[in-house]
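What you are looking at is a predicted structure, and each value in this text was computed from that prediction instead of being measured. In what follows, every heavy atom counts, from backbone to side chain, and hydrogens, waters and symmetry copies are set aside. One-based numbering, in listed order, for ligands and for the atoms of each.
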Amino acid sequence: MKAVFVDKWNNEYVPNRTEWKPEEGVFRMKPYPVDFPIKKIKERQASMWRYQEALPFEKADTYASITLGEGMTPLVPLDADHPNLFMKMDYLMPTGSFKDRGAAVLIAKAKELGVSSVIADSSGNAGTAIAAYSARAGMNCRIYVPASTSEKKLAQIEAHGAYIHKIPGSREDTAQAAKNAVENENLYYASHVYNPFFYEGTKTFAFEIWEQLGEKVPDSLILPVGNGTLLLGAYIGFQNLKEAGVTNRLPRIIGVQSESCAPIAEAFISGESVSPVENKGTLAEGIAIADPMRGEEIIEAVKDTRGTIVTAPEGDIKAARQELAGKGFYVEPTTAATYAAYQKYEAEIVHPDETIVMVLCGTGLKK
Ligand SMILES: *Cc1c(COP(=O)(O)O)cnc(C)c1O
């Protein structure tokens, strides 16, 4: 199908554009028909690419030279005492986080569009994922990071051959530097925040859960939310499943923010629009986004599913990480924060008998 971007006024754009004007807000994909032919899907390789009738490519095999086999990560119960609480193990992705879903689709689509150089900004996992898939696609890649980014994450980006620009100041300063370069040099903006193809990748998260639960959607879905690349992807994915008629409902989406940086949770509670906050410092740095570009879109999505947004108790993150490791899951602190929030709010946000899926987003090996 022909992929088309739309802005907030529904104006259409060709998807190879590289300029991003703030007054247009952030682009979305124009909805297109999707299909889930389950018999055909099951005959294909166990990866996120088996849902090809719901992906925005002109040719079904665009991904073939780029894939690292990403997707179809395990879905297992937390432990024997929690048979209905499933962990979706996206920390087992090729570069160690769910960002591979978005990066693989975005880069495969960029290749289909004939792009040869990409640029992105990220404090870590998104940059790593874009760097890895650009390398695989034979594209030049430049990644803008805050100067404070951890050495291990930088080493991983560099190992994939990307050029790193370290920007002093805040995460927002880094994003601005990348946008300036995009505008001045006319490079393809492979942004996990702005580029809708990233969300066309993260939506496969929903498809896999649906298939792994025996073609059913869970009652509740608990996931971290900073920029919302997984939350919005999951929402789009479950909507796709509903539109295609393979389910008649959406799971309640429960987003977890850091209590030290919670602009979306605050707006959700106050009913006012999302405004930037000060990041007071948190172990959960993967969700510490002080000025989320898609904040309103995230709140709309959560409300549409009758979900909610909670904050992770900072003082419980270390213990939560230890507890998950004690069950065999070695994850990074941001992922442990999701579990810490679940433990604190369990009685308020879920029913003990319902089917709950929580995501384990990032590997503990990086941090
Ligand atoms: C990116 C990331 C998050 C947060 O995702 P958003 O898109 O910012 O909502 C959480 N955990 C890990 C491991 C990540 O890489």
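- Judged by distance alone, the side chains of Ser275 and Glu272 never bring a donor and an acceptor atom under 3.5 Å apart.
- Of the protein's non-hydrogen atoms, the one nearest atom 8 (O) of ligand 1 is Asn227 N, 2.7 Å.
- Only the side chain of Thr334 comes within 4.0 Å of ligand 1, judged by heavy-atom distances.
- Residue contacts with ligand 1: Gly226 is placed with a nitrogen or oxygen under 3.5 Å of a nitrogen or oxygen of the ligand (distance criterion only).
- Compare Pro224, Gly228, Ser122, Pro292 by their heavy atoms: the one nearest to atom 9 (O) of ligand 1 is in Gly228.
- Tyr51 and Glu211 share a side-chain donor-acceptor pair at under 3.5 Å.
- If you number the atoms of ligand 1 from 1 as listed, the ones under 4.0 Å from a heavy atom of Val225 come out as 9 (O).
- The shortest N or O to N or O distance between Thr335 and ligand 1 is not below 3.5 Å.
- Among protein heavy atoms, atom 5 (O) of ligand 1 sits closest to Phe98 CZ, 3.6 Å.
- Other residues, nucleotides and ligands place no more than 12 heavy atoms under 6.0 Å from the NZ atom of Lys40.
- The backbone N or O of Tyr189 sits less than 3.5 Å from a side-chain atom of Asn195, completing a donor-acceptor pair.
- Listed by chain and residue number, Val256, Ala337, Ala341 satisfy the side-chain contact (heavy atoms from CB on, under 4.5 Å) test with Ala312 (two or more places apart in sequence, or in another chain).
- In terms of protein heavy atoms, atom 4 (C) of ligand 1 is closest to Gly286 O, 3.3 Å.
- Scanning all protein heavy atoms for the shortest distance to atom 14 (C) of ligand 1 gives Lys99 NZ, 2.9 Å.
- Protein heavy atom closest to atom 13 (C) of ligand 1, with residue, atom name and distance, is Glu332 OE2, 3.0 Å.
- For the side chain to side chain contact (heavy atoms under 4.5 Å, CB included) test with Arg142, the passing option among Val182, Ile119, Val118 is Ile119; the others fail.
- At a 3.5 angstrom cut-off on N or O pairs, Thr229 counts as close to ligand 1.
- Close approach of ligand 1 to Gly362 is summarised as follows: ligand atoms under 4.0 Å from at least one heavy atom of the residue are 13 (C).
- Between Asn180 and Glu183 there is no side-chain heavy-atom pair separated by less than 4.5 Å.
- Between Tyr163 and His165, the ring planes are perpendicular. Angles over 60° get that label, and only those under 30° would be called parallel.
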